[in-house]
Amino acid sequence: MKQKILVTGGAGYIGSHTSVKLIEAGYDVVIIDNLSNSDVKMIDGIEKITGVKPEFYEFDLCDIHKTKDFFSKNTDIKAIIHFAAYKAVGESVNLPLKYYHNNIASLVNIIQNMINFKVENLVFSSSCTVYGQPEPKYLPVTEDAPVQPAGSPYGNTKQISEEIIRDTIISNKNLKTIALRYFNPIGAHKSAIIGELPIGTPNNLIPFLTQTVAGLRDELSVFGNDYNTPDGSAIRDYIDVNDLAEAHVIAIERLINDKNKKNFEYFNLGTGNGNSVLDVINTFEKATGKKVNYKIVPRREGDIEQVWADTSFANTELGWKAKTSLGESLLSAWNWEKKVRGL
Ligand code: UFG
């Protein structure tokens with residue numbers, strides 16, 4: 001009998017890639033997604049890749065009645081991966097309540113139902129945003145680096161969510177959670193059947209870059225070349241979405257098989273390498289043979305200078321390591337963009 005995993009936000013970018021890996025690993029996947037920032041085509045994409053159509057429910061996880069109804073009819077859920085959340089940093093500054101409501105209310109609702117319906121295992125999508133700009137002595141950043149005051153309401157929802165889980169576990173000893181702190185997820189499935197599909201103008205570097213090369217945007221703005229980094233542009237740890245997805249399968253197995261050492265664990269998911277914006281552009285050009293039209297503009301407000309992961313804890317404890325090179329990820333992102341645009 002296959003074990004059933006609920007993937008919230010499974011039509012989204014990381015959720016769809018993780019659903020593919022879960023199905024390939026032999027799990028039954030059930031997706032809940034309200035499609036507010038995703039496309040139902042991704043569910044078809046998951047089926048095309050795996051040959052299996054995941055069960056799909058379209059509703060908002062802030063809806064107490066629909067969520068309760070779902071749990072009462074699906075009492076065989078073995079574990080939950082909770083992706084569904086808003087994630088645009090800039091938007092969260094302008095619309096904080098939208099973020100606090102959606103990201104927090106849905107989490108509380110899910111955990112309450114986990115307790116009521118005795119679902120014990122949760123993998124939570126967290127972010128390296130909890131570290132803010134670490135002091136130089138904490139770079140590369142480990143899980144022990146101090147959590148910094150959040151730079152945005154979005155970031156704060158991730159910190160508060162981790163706290164909610166940590167507090168709830170104290171009085172609910174059966175509940176086990178692994179929080180995965182993602183660095184910068186990029187790339188697409190090698191088939192180019194699923195990938196990142198931002199609605200409107202992309203905020204993130206890679207979709208903006210690929211849309212520029214595809215001709216949808218005139219030029220890519222590089223936000224700042226006066227940072228204290230070797231080439232002056234900001235540094236991040238770009239992690240391939242397929243590698244990231246694999247870590248979720250490992251986290252699920254760890255929880256289901258009681259291999260977790262504490263009831264609340266958290267891991268950095270990155271490559272361990274820092275790359276600057278200009279590195280990304282150069283690597284993209286080499287990997288794809290395409291020129292990127294870009295210009296240097298002033299820094300973007302709220303951006304941090306540099307952060308990349310120390311992944312030793314995830315490497316040793318989870319037995320997981322990122323495998324995909326930056327060039328391979330950028331090539332898959334470009335192949336996906338070409339497919340979406342019919343190029
Ligand atoms: N950048 C550009 N031009 C662009 C877009 C981005 O130069 O058009 C630069 C940014 O200034 C930054 C880097 O590319 O230096 C990466 O920017 P992204 O917007 O892709 O990603 P961020 O690192 O700003 O944000 C990501 C996630 C957030 C998360 C944050 C944590 O998108 O969800 O990491 O640090 F909160």
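Residue numbers count from 1 along this sequence. Counting starts at 1 for both ligands and their atoms, in listed order.
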Task: Atoms in ligand 1 flagged as close to Asn203, the criterion being non-hydrogen separation under 4.0 Å - done: 5 (C), 19 (O)

Open item on the list: Working note: Phe83 + His17, criterion ring pair (Phe, Tyr, Trp, His ring centres under 6.0 Å); need CA distance, chi angles, decisive distance, verdict.
Closed with: CA-CA 12 Å; Phe83 290 106; His17 288 79; over 10 Å; no

TODO: Return the minimal non-hydrogen interatomic distance between Ser233 and Tyr227, and the atom names on each side.
DONE: C-CD1, 4.1 Å

Task: Nearest-neighbour protein heavy atom for atom 3 (N) of ligand 1, which is reported as residue plus atom name and distance - done: Ser221 O, 2.6 Å

Task: Residue pair Ala25 / Val249: nearest heavy atoms and the distance that separates them - done: CB-CG1, 3.8 Å

Task: Exceeds 12 heavy-atom contacts within 6.0 angstrom, atom NZ of Lys118 - done: no

TODO: Of all the heavy-atom pairs spanning Lys21 and Ala245, show the shortest one and how long it is.
DONE: CG-CB, 3.6 Å

Open item on the list: Heavy-atom pairs closer than 4.0 Å: do any link ligand 1 to the side chain of Ser152, the backbone, both, or neither?
Closed with: neither

Task: Subset of ligand 1 atoms that lie under 4.0 Å from at least one heavy atom of Ala234 - done: 15 (O)

Open item on the list: Parallel, tilted or perpendicular: which one describes the rings of Phe267 and Phe313, with boundaries at 30° and 60°?
Closed with: parallel

Task: Interatomic spacing from CH2 in Trp334 to NZ in Lys338 - rounded to 0.5 Å - done: 6.5 Å

- [ ] Name the closest protein heavy atom to atom 24 (O) of ligand 1, giving the residue it belongs to and the distance to 0.1 Å.
- [x] Arg300 NH2, 2.9 Å

Task: Selection from Asp237, Leu278, Ile304, Asp303 by shortest heavy-atom distance to atom 10 (C) of ligand 1 - done: Asp303

TODO: Would you tell me which option among Cys128, Pro202, Pro207 has the nearest heavy-atom contact to atom 35 (O) of ligand 1?
DONE: Cys128

- [ ] Give a yes/no verdict on whether any heavy atom in Ser127 is under 4.0 Å from an atom of ligand 1.
- [x] yes

- [ ] Examine the proximity of ligand 1 to Val277 and report which part, side chain or backbone, both or neither, has a heavy atom under 4.0 Å away.
- [x] side chain

- [ ] Quick one: look at Ile206 and ligand 1, take heavy-atom pairs under 4.0 Å, and tell me if it's side chain, backbone, both or neither.
- [x] neither

- [ ] For atom 4 (C) of ligand 1, state which one of Phe208, Tyr238, Phe223, Tyr131 supplies the nearest heavy atom.
- [x] Phe223

- [ ] Check whether any heavy atom of Tyr154 sits under 4.0 Å from an atom of ligand 1.
- [x] yes

TODO: For atom 22 (P) of ligand 1, grab the closest protein heavy atom and report residue, atom and distance to one decimal in Å.
DONE: Asn184 ND2, 3.6 Å

TODO: Give the residue, atom name and distance (to 0.1 Å) of the protein heavy atom nearest atom 12 (C) of ligand 1.
DONE: Arg236 NH2, 3.8 Å

Open item on the list: Ring-plane angle category for Phe70 and Tyr57, please: parallel below 30°, perpendicular beyond 60°, tilted otherwise.
Closed with: perpendicular

Task: Sub-4.0 Å atoms of ligand 1 with respect to non-hydrogen atoms of Leu220 - done: 8 (O)

- [ ] Write out the residue and atom name of the closest protein heavy atom to atom 27 (C) of ligand 1, then the distance separating them to 0.1 Å.
- [x] Asn204 ND2, 4.1 Å

Task: Greater than 12 external heavy atoms within 6.0 Å of Lys339's NZ - done: yes

Open item on the list: Quick check on the 6.0 Å ring-centre criterion: do His248 and Tyr182 meet it?
Closed with: yes

Open item on the list: More than 12 heavy atoms of other residues, nucleotides or ligands under 6.0 Å from NZ of Lys53: yes or no?
Closed with: yes

Open item on the list: Considering non-hydrogen atoms of the protein only, which is the closest contact for atom 20 (O) of ligand 1, and what is the distance?
Closed with: Leu205 N, 2.8 Å

Open item on the list: Which of the numbered atoms in ligand 1 are under 4.0 angstrom from any heavy atom belonging to Val222?
Closed with: 7 (O)

